[in-house]
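Beneath this line is the structure, given in structure tokens, with notes to follow.
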Amino acid sequence: DGGITQSPKYLFRKEGQNVTLSCEQNLNHDAMYWYRQDPGQGLRLIYYSQIVNDFQKGDIAEGYSVSREKKESFPLTVTSAQKNPTAFYLCASSPPAGGRAVKYFGPGTRLTVL
Amino acid sequence: AQTVTQSQPEMSVQEAETVTLSCTYDTSESDYYLFWYKQPPSRQMILVIRQEAYKQQNATENRFSVNFQKAAKSFSLKISDSQLGDAAMYFCAYRSPYNNNDMRFGAGTRLTVKP
């Protein structure tokens, strides 16, 4: 079955540590996205990538980094510079159909800072 | 920048009844796309329904339908014959055709379905 996988489901980080969240898709989508979800707020865009080896900052990119070495993979690193990283992180992808394209979401990763 | 507002943080409905979730948005664009996503307790975001602004006809998907009022910038979701499995967070989202990467989400409405 085609879809998006995220791992791990739950992640705990100590203060000062960098952690990397995995996102893999086998939908052959060009575009991939990372969103952050906090209670009482909608999803906010962290980073996106339209093509391999290219990515752009979203609204809240500070303290995060990404890479896009393969079409299928778009890992997100939460660095120690992110002051409030505890949140739910969602990865998404979409085909190249313009604005009407539906975004498909992964199951998410819950990150907690200890 | 476009903004999306969901004014109902929580709603409840009796099983088999009908409920309407509200969404308004602010934009200066004439063409755009609107979406309703469902996020059940599993946290997986699932597309419920999509509406293209240039289409006057309201989108429907089985028990789900929208009331799209372009002039009022309103995009409400109606769930008919509510089922226990409809219990979830529902997010309204706006997407510009000029910026494929930008999808604006509302804060969500938590829907409870009472048996």
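Per chain, numbering begins at 1; letters A, B, ... match sequence-line order.
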| query | By a 4.5 Å heavy-atom criterion (distance strictly below it), what part of Leu43(A) contacts chain B: side chain, backbone, both, or neither? | reply |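 Contact with chain B: backbone and side chain both.
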| Region of Asp38(A) that comes under 4.5 Å of a non-hydrogen atom in chain B | neither
| Partner residues of Ser7(B) under the side-chain hydrogen bond (donor to acceptor under 3.5 Å, both in side chains) criterion, sequence neighbours left out |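 Residues passing side-chain hydrogen bond (donor to acceptor under 3.5 Å, both in side chains) with Ser7(B): none at all.
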| said: My understanding is that a hydrophobic cluster links ILVMFWY residues whose side chain heavy atoms are under 4.5 Å apart, including indirect links. Using that, what else belongs to the cluster containing Leu84(B)? | reply: Val4(B), Met11(B), Val13(B), Val19(B), Leu21(B), Tyr25(B), Tyr32(B), Leu34(B), Trp36(B), Val48(B), Ile49(B), Phe64(B), Val66(B), Phe68(B), Phe75(B), Leu77(B), Ile79(B), Tyr90(B), Tyr94(B), Leu111(B), Val113(B)
| In terms of heavy-atom pairs under 4.5 Å, which option from Gln44(B), Met45(B), Arg43(B) contacts chain A the most? |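 Top count of heavy-atom pairs under 4.5 Å with chain A: Arg43(B).
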| Residues Lys71(A), Asn28(A); criterion side chain to side chain donor-acceptor pair (under 3.5 Å); working and verdict | CA-CA 7 Å; Lys71(A) 186 176 184 177; Asn28(A) 199 33; 2.8 Å; yes
| task | Return yes when atom CG of Asn62(B) has more than 12 non-hydrogen atoms of other residues, nucleotides or ligands closer than 6.0 Å, and no otherwise. | result | no
| said: Under 4.5 Å from any heavy atom of chain A, what part of Gln39(B) do you find: side chain, backbone, both or neither? | reply: side chain
